[in-house]
Amino acid sequence: MEKQKVSINGERLRYTLEEFADFGRTKDNGVTRLALSEMDIKARDYFLICCEELGMTVSYDDMGNMYATLPANDDTKEPVVIGSHLDSVEKGGRFDGVLGVLTGLEVVRTLVDYNIKPKVPITIANLTNEEGARFDPSLMGSGVLSGRYNKAKMLQSTDKEGVTFKDALEASGYLGEKENRLKKARAFLELHIEQGPVLDNESLEIGVVEGILGMVCCQIEVTGDSDHAGTTPMSTRKDSLMAAINLITEAQEKLSRLDKDLVYTIGRLNVEPNIHNVIPEKVIFTMEARHQDMMTLKQVEEIIHQLPESSGKEKCTVKATRLWGSETLWFNQGLVDQLEQSTQSLKYKYKRMVSGARHDALFISEYVPSAMVFVPSVHGKSHAEDELTKWEDCEKGANVILGTVLSLTTS
Ligand SMILES: [Zn+2]
């Protein structure tokens, strides 16, 4: 049988996505399915049933990551893994994460429909607590798999009701053995919504994701003097907020000249004491920046670290600290090329791109060759109830994954 004549059943994929959206569907047609919540457990239970119906064996590891494996005629071979996450943020959408998992399901259903027997096992992975919306941090399941996160520390992570991840995992029924963890695999493929506007703006159908943007996050602390807002003359004030405004303006001017693809954000700004009739004594704000070129991120850091010497600091003291950063991750070149070939043979409109958001594939790629495919987010919206990806684009994304899985498992 010629490979690309096999295609996934778009209607069934749509129906299954809507079935899963019922696990936590909000009244505005979004989804709240926090990790290991009642709704997440129901979704997991149903996912398990769907996989077992296809003759797959389902296991879970000590972080609650689920693996459904379709056996092959040679089970000693390393599997091809298709995966993402079933959890969502509070009032999130119907596509983020779940699309990647259900694409795995749809790919296996398609192979069964066409009676195609893969030569290597195919595993669908549902990775626990990607969003970090209930238990901090995000990418928890994949972070422990890669060794980036300390498991003991993760188990103690607590939700806002005071429930630990450990207790939630034990109560869920999805606490499995460490030996079940995802080990070496031939490939890890993740289909995800873009969560940005690029594909939608350019009327493209597919993004072949080459990597994930590097980032740097710094904290700037400006210290002045608090005093009476009515009696202190302007000339003698040490107003930390006024100084912070000058510093931000200066940084913004310099950053905007660096590179058009640089994105930067002041996501947090705390003012103390934050009282209307008191001159602010201290302002602490964060600046994070993302770019694929590490040289550009170095320049960002230099600009931020020069802020304490700035003329705009108005008698205040300024301290800049680097909180954390990560280098741009490049996915497995061979897999990226295969996904691109699969896209081209289907004649979809696409571009190669780098993701600004982090995904499970980021950590998994540390020990398994990995790559991702994006489908457009209408108006770039995500983590919102009106998050939308057109059904036909979901179908196209799944077909790209199918094409690649076929070439990895049947040749
Ligand atoms: Zn996601």
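Just follow the structure's listing: the first ligand is 1, and inside any ligand the first atom is 1. Below, each value reflects all heavy atoms present in this structure, side chains not excepted, and no hydrogens, waters or symmetry copies.
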So ring pair (Phe, Tyr, Trp, His ring centres under 6.0 Å) across residues 259-299, not counting sequence neighbours, yields none
Applied to residues 53-83, the ring pair (Phe, Tyr, Trp, His ring centres under 6.0 Å) test, sequence neighbours excluded, yields Y60-Y174
Under 4.0 Å between a side-chain nitrogen and a carboxylate oxygen: does that hold for K396 and E392? no
Name all residues meeting the ring-ring contact (aromatic ring centres under 6.0 Å, His included) criterion together with F47; count only those two or more places apart in sequence or in a different chain, and write none if there are none. none
Salt bridge or not for K42 and D45, using N-O below 4.0 Å? no
Salt bridge E106-R12, side-chain N to carboxylate O under 4.0 Å: yes
For the Zn ion (ligand 1), how many protein N, O or S atoms lie at less than 2.8 Å? 3
